[in-house]
Amino acid sequence: MAIDEKFLSGYEPHKYEGDIYKTWEESGFFNPDVCIEKGVVSEDAEKFSIVLPPPNVTGTLHTGHASMLAIQDTMVRFARMKGFKTLWLPGTDHAAIATQSKVEKLLEKDGIRKHDLGREEFLKRVEQFAQDSHDTIVSQCRAMGSSLDWSREAYTLDKTRHKAVFLAFKKMYEDGLIYRKHRIVNWDPKGQTTISDDEVVREDRKGMMYTFKYSHDFPFPIATTRPETKLGDTAVAVHPEDSRYKDYIGKEYSFNFAGEDVTVRIVADEAVDPEFGVGALGVTPAHSQTDWEIAERHNLPVKQVINEYGKMMVGMEGVRDVKVEQARKAVVEWLRSEGLLMEEKEIDQSVGTAERTGAVIEPLPKMQWWIDVNKPIKDGKSLKNLMLDVVRDGNIEILPERFEKVYFHWIENLRDWNISRQIWYGHRIPAWYKEGETQISITSPGGNWIQDEDTLDTWFSSGLWTFSTLLDPEKYEEDFKVWLKNSRDGIYHPTTVLETGYDIIFFWVARMILMTTYLTDEIPFKTVYLHGLVRDKQGRKMSKSLGNIIDPVDVIKDSGADALRMALIVGIGPGADNNLSDDKIKAYRKFANKIWNASRFVLENIEGTNLSDIPELQDSHKAYIEEWKTLVQEITKEMEEYKLYLVGEKLYHFFWHRFADVVIEECKKDLNESSKYTLLFLLTEQLKALHPFMPFITEEIWKSLENKDSELLMVSKWPN
RNA sequence: GGGCGAUUAGCUCAGUUGGUAGAGCAACCCGUUUACACCGGGAAGGUCAGAGGUUCGAGUCCUCUAUCGCCCACCA
């Protein structure tokens, strides 16, 4: 047989990858409907569905994204070849706060601030940026070989998703699960918005603990790390059993503190630890979560002394209108000069900072929208209960299993979720106000109704993702169950598996379980497969400052998507971080070349061989085929259990060290009918088995095979 | 303050339900064998962090310790 000219040189991935992807895309087989239409999959086949965790439209993809694409595409291609009705649905995430702050930073470079532009014009800029990012992301997904059904692409902020968000909000509001309330929030003074508890990152820092008396007339000292907040104190709390303070409980004291008149009542509260500090806590309801709760229990007044910019609103010269850090120094100085300061000592403390901006969180009282996670709803169960039950009962399985414990622990400590944000990019809260009345509506109710200025936490819309992506835009229904059921793609819900990083188990996985279970009475997915972080060779996080970033685009250019995919999959179990190195990528680039060259040899020497005519086989050849079949049984089972990391390695080993080193070496000595059959059989089977892992090179070699069961390898049958 | 993970060959890591320790890379020796030098053959390399326990048998199960890492947490 005349060998294809392309085999004359080694494997050069960039020559083939683009065209192959185009061929796949044009075939339409990424779309399960086309697979059914063309008879590749039967109409009543079992479904396998998975949504792509939508990348944020904040820029380009990194190796973490590449790893998720590699893992998911391998799962998807395997399922498709196994004959499942397979859907992998793509999309991107508007990522509200992340995208907005990115654009703000870009504008800053040109000396433009968002308020100079106004809401509408600023949003136009954000949308343009989002569109550009989207285009880059989509082309990168293609470069990885992702067999995503682009005909179903969704965006968390598009029309259909907007309707879904509105409906979710409305339903939860009507059920009393979404409410608006004035209470302590995590305020980000830099981002000028509230954030949820999960977006607060704790940082260990050194701090000073000051022990002092409010005034010379005050009977005992208190201790705090934030003296400047004491201008807003309305009480002092002590433990009810603390003999040192028992006699003072119920008494009231007034004094001037750093230029502000302060009145405090001594209250007894169990929350105070008599062992800590001096056992007396100055209560600042407006600027501390704990104190707010104490204030609620004792019906204390709330006095705000710090504003949204992190500046003092009251106090003497040098305190008022000054940022809190500076004000703190001024207050300490004042205490010292008044002779009130008794002790200062350095302590370790954990400070809450904002995930996006890094600013120190300023707790402030604000009117915000919340989701109640404790309110009993269905059969007396709260959202918390729903979330716990589906995992506890085994309806949802988390891999690796140990993350189930992490998940339970998080839910048990979960507090109400603050869902409103004071930013512009995102789903506008569908609440309208007029004369103290509130109406929930997607469009203006007319008249003098004024819409809430805020937008929703980005995770609110991504929480709906497994089913909001499957809804028909034309068939809007007032009930998600009906809407989903009547939709063309409703059959793909619940999805089969959710594959995502363990770092967003709370942000996203838990929120999807919450929203979906409540809104649709269905679980969002049966299995959660959590991958780890991609790090550098030494196990460090990749970062610009370390200069250790591996860009997937560069790797694909140099070594091919197949090599990158293998380097991101083999040996990396769920939950494990991947220390990616150039050596590792190089190893799989060499493997691709090995496959290429071995295939050339086989193709050159199998003239007249047809797999449907099985010749009399030599014993050793029979044994090789048996060995392969045993391996197929093993890896098929492992693929079904999502143990891709084992299968990739086993296929690598078999191809190189059994097939190439042993079988080919033996067969080349005597190229008889038995040899030729064995070579062709094993090559054909291995191309199939390797295809989910290394789709490009296997498809390219497949083209040169004659007598195959399918024109395209991607829709051929998985070996058995 | 809780919880979790890691500790296996020089490096990066596998090791499924307990049954004689594995891979890749690196290093060493040999080989220009017409698929492949992005190669082949060969040899070397480990008291599986430490201590104790269960067992006929432990890298694997239990307890404790050490080092590193991660997550969670309203002690002001």
Side-chain angles (χ1 to χ4, degrees), chain A residues 3 7-12 184 186 197-198 200-202 207 209-211 222-226 229-230 233 236-237 271-284 287-294 347 349-350 352 363 400 402-403 405-410 412-413 415 502-503 505-506 532-533 535-540 559 563 566-567 570-573 575-605 634 637-638 641 643 645-646 648-650 652-653 656-657 660-661 664-665 667-669 679:
Chain A
I3 188 72
F7 284 111
L8 293 179
S9 60
Y11 181 59
E12 295 168 87
I184 283 272
N186 305 303
D197 293 342
D198 298 282
V200 177
V201 180
R202 297 263 156 199
M209 169 82 101
Y210 304 94
T211 306
I222 58 157
T224 184
T225 52
R226 297 196 62 187
T229 63
K230 301 293 100 183
D233 280 11
V236 170
V272 179
D273 177 0
E275 303 297 317
F276 188 86
V278 290
L281 164 66
V283 181
T284 324
H287 302 290
S288 154
Q289 182 69 42
T290 316
D291 296 7
W292 175 272
E293 282 161 22
I294 293 174
I347 56 153
Q349 57 172 354
S350 83
R402 65 185 143 90
F403 278 97
K405 231 187 271 179
V406 178
Y407 173 82
F408 290 140
H409 183 254
W410 179 80
E412 279 152 15
N413 291 299
R415 297 185 304 190
Y502 65 64
D503 51 331
I505 180 167
F506 307 134
L533 263 46
R535 297 169 178 278
D536 76 358
K537 195 181 176 175
Q538 283 117 55
R540 302 174 304 179
S559 304
M566 284 294 272
V570 172
I572 317 298
D577 290 348
N578 180 2
N579 294 357
L580 187 64
S581 65
D582 290 336
D583 281 348
K584 204 167 182 176
I585 294 162
K586 199 172 89 186
Y588 292 109
R589 187 179 71 211
K590 282 157 80 170
F591 179 49
N593 199 51
K594 188 76 181 177
I595 296 173
W596 188 253
N597 287 314
S599 301
R600 162 170 52 217
F601 178 80
V602 174
L603 292 170
E604 272 175 347
N605 292 290
E634 204 177 304
K637 186 164 168 277
E638 285 168 344
E641 292 166 352
K643 292 177 180 164
Y645 56 103
L646 291 179
E649 188 167 11
K650 285 176 182 177
Y652 173 96
H653 190 260
W656 202 312
H657 301 297
D661 290 353
I664 292 183
E665 289 304 320
C667 288
K668 76 163 49 152
K669 288 181 195 144
L679 289 174

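Throughout, protein chains are lettered first and strands after them, A, B, ... in sequence-line order, and every chain is numbered starting at 1.
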Legend entry - Of the listed nucleotides B:G40, B:C75, B:A35, the one nearest the side chain of A:F601: B:A35
Inset, instruction - Side chain of A:V272 only, please: which of B:C72, B:U16, B:A76 is the nearest? - result: B:A76
Inset, instruction - For B:G15 versus B:G5, give the span between their P atoms, rounded off to a whole number of Å. - result: 15 Å
Inset, instruction - Using the six-membered ring wherever Trp is involved, compare the ring planes of A:W596 and A:Y11 and label them parallel, tilted or perpendicular (cut-offs 30° and 60°). - result: tilted
Inset, instruction - Output yes when at least one side-chain N/O atom of A:W656 is less than 4.0 Å from OP1 or OP2 of B:G24, else no. - result: no
Inset, instruction - Could you check whether A:A598 gets within reach of a base, just the sugar-phosphate, or nothing at all, counting any heavy atom under 4.0 Å? - result: base
Legend entry - Whole angstrom value for the distance that separates P of B:C71 from CZ of A:F403: 11 Å
Legend entry - Distance, C1' atom - from B:U33 to B:A26, rounded to whole angstrom: 27 Å
Inset, instruction - Provide, to the nearest angstrom, the distance between the CZ atom belonging to A:R202 and the P atom belonging to B:G3. - result: 19 Å
Inset, instruction - May I ask you to say what A:R589 touches in the nucleic acid, namely base, sugar-phosphate or nothing, with a heavy-atom cut-off under 4.0 Å? - result: base
Legend entry - Closest listed nucleotide, where the reference is the side chain of A:R415 and the choices are B:G5, B:C72, B:C74: B:C74
Inset, instruction - Identify the nucleotide, in any strand shown, that forms a Watson-Crick or G-U wobble pair with B:A6, with both distances under 3.5 Å; if there is none, say none. - result: B:U67
Inset, instruction - Return the 5'-most residue of the pair A:A576, A:T290 with respect to RNA chain B, ranking by each residue's nearest nucleotide. - result: A:A576
Inset, instruction - May I have the distance from A:E604 (atom CD) to B:U34 (atom C1'), rounded to whole angstrom? - result: 9 Å
Legend entry - Under-4.0 Å side-chain N/O to phosphate OP1/OP2 contact, A:H657 with B:G24: yes
Inset, instruction - Take the protein atom OH of A:Y502 and the nucleotide atom P of B:G69, then report the distance between them rounded to whole Å. - result: 14 Å
Legend entry - Sugar-phosphate, base or nothing in reach of A:D503, heavy atoms under 4.0 Å: nothing
Legend entry - Lys/Arg-Asp/Glu bridge criterion (N-O < 4.0 Å) met for A:E665, A:K668: yes
Legend entry - Geometric class of the A:H657/A:H653 ring pair [parallel <30°, tilted 30-60°, perpendicular >60°]: tilted
Inset, instruction - Give the rounded distance in Å between these two atoms: NE2 of A:H653 and P of B:C25. - result: 11 Å
Legend entry - Residue A:K643, side-chain heavy atoms: nucleotide from B:C71, B:U16, B:C38 that is nearest: B:U16
Legend entry - Phosphate OP1/OP2 of B:A35 contacted by A:K594 side-chain N/O (<4.0 Å): no
Legend entry - Interatomic distance, A:D273 CG vs B:A76 P [rounded to whole Å]: 11 Å
Inset, instruction - Choose from B:G24, B:A76, B:A35 the nucleotide whose nearest atom is closest to any side-chain atom of A:E665. - result: B:A35
Inset, instruction - Take atom C1' in B:U63 and the same atom in B:U55, then report the distance between them in whole Å. - result: 16 Å
Inset, instruction - To the nearest Å, give me how far apart CG (A:D577) and C1' (B:C70) are. - result: 9 Å
Inset, instruction - For the pair A:S288 (side chain) and A:D291 (backbone), establish whether a donor and an acceptor sit closer than 3.5 Å, ignoring hydrogens and angles. - result: yes
Inset, instruction - Tell me whether the OP1 or OP2 atom of B:C13 has a side-chain N or O from A:N579 closer than 4.0 Å. - result: yes
Legend entry - Pair partner, B:G52 [Watson-Crick or wobble, under 3.5 Å]: B:C62
Legend entry - Side chain to side chain, A:T284 and A:R226, heavy atoms closer than 4.5 Å: no
Inset, instruction - Compare all side-chain heavy atoms of A:F276 with those of A:L281 and state whether any distance is below 4.5 angstrom. - result: no
Inset, instruction - With heavy atoms under 4.0 Å as the rule, sort A:L646 into base, sugar-phosphate or nothing. - result: sugar-phosphate
Inset, instruction - Sticking with atom P, work out how far B:C48 lies from B:U60, rounded to a whole angstrom. - result: 10 Å
Legend entry - Span that lies between the P atom of B:A27 and that of B:U17, in whole angstrom: 37 Å
Legend entry - Side chain of A:E638 (C-beta onward), nearest among B:C4, B:U16, B:A76: B:U16
Inset, instruction - Could you pick out which residue, A:V278 or A:N593, lies toward the 5' side of RNA chain B when each is mapped onto its nearest nucleotide? - result: A:N593
Legend entry - Paired nucleotide for B:A14 [Watson-Crick or G-U wobble; both distances under 3.5 Å]: none
Inset, instruction - Report the base-pairing partner of B:U34 (Watson-Crick or G-U wobble, both distances below 3.5 angstrom), or none. - result: none
Inset, instruction - Please state whether the base of B:C4 and the side chain of A:K405 form at least one donor-acceptor pair under 3.5 Å? - result: no
Legend entry - Side chain of A:H409 (C-beta onward), nearest among B:A26, B:C72, B:A35: B:C72
Inset, instruction - With P as the reference atom in both, quote the distance from B:G69 to B:C64 in angstrom, rounded to an integer. - result: 23 Å
Legend entry - For atom CD of A:E412 and atom C1' of B:A73, their distance in whole Å: 14 Å
Inset, instruction - Look at all strands and tell whether A:E293 reaches a base, only sugar-phosphate, or nothing, counting heavy atoms closer than 4.0 Å. - result: base
Inset, instruction - Determine the Euclidean distance between corresponding P atoms of B:C30 and B:C68; express it in Å to zero decimal places. - result: 44 Å
Inset, instruction - Taking atom C1' in both B:A51 and B:G19, compute the distance separating them and give it to the nearest angstrom. - result: 25 Å
Legend entry - More than 12 heavy atoms from other groups under 6.0 Å of NZ on A:K586: no
Inset, instruction - Specify whether A:Y588 and A:Y652 have parallel, tilted or perpendicular ring planes, treating 30° as the upper limit for parallel and 60° as the lower limit for perpendicular. - result: perpendicular
Legend entry - Nearest-nucleotide pick for A:K590, side chain only, options being B:C72, B:A35, B:C38: B:C38
Legend entry - A:K668 side-chain N/O to B:A35 phosphate OP1/OP2 under 4.0 Å: yes
Legend entry - Atom pair CD1/CD of A:I184 and A:E293 - distance to nearest 0.5 Å: 9.5 Å
Inset, instruction - Select base, sugar-phosphate, or nothing to describe what A:G10 touches, counting heavy atoms under 4.0 Å on all strands. - result: nothing
Legend entry - Sugar-phosphate, base or nothing in reach of A:A237, heavy atoms under 4.0 Å: nothing
Legend entry - Complementary nucleotide for B:G1 - Watson-Crick or wobble, under 3.5 Å: B:C72
Inset, instruction - When you get a sec, tell me which of B:A14, B:A35, B:A73 is the closest nucleotide to the side chain of A:S350? - result: B:A73
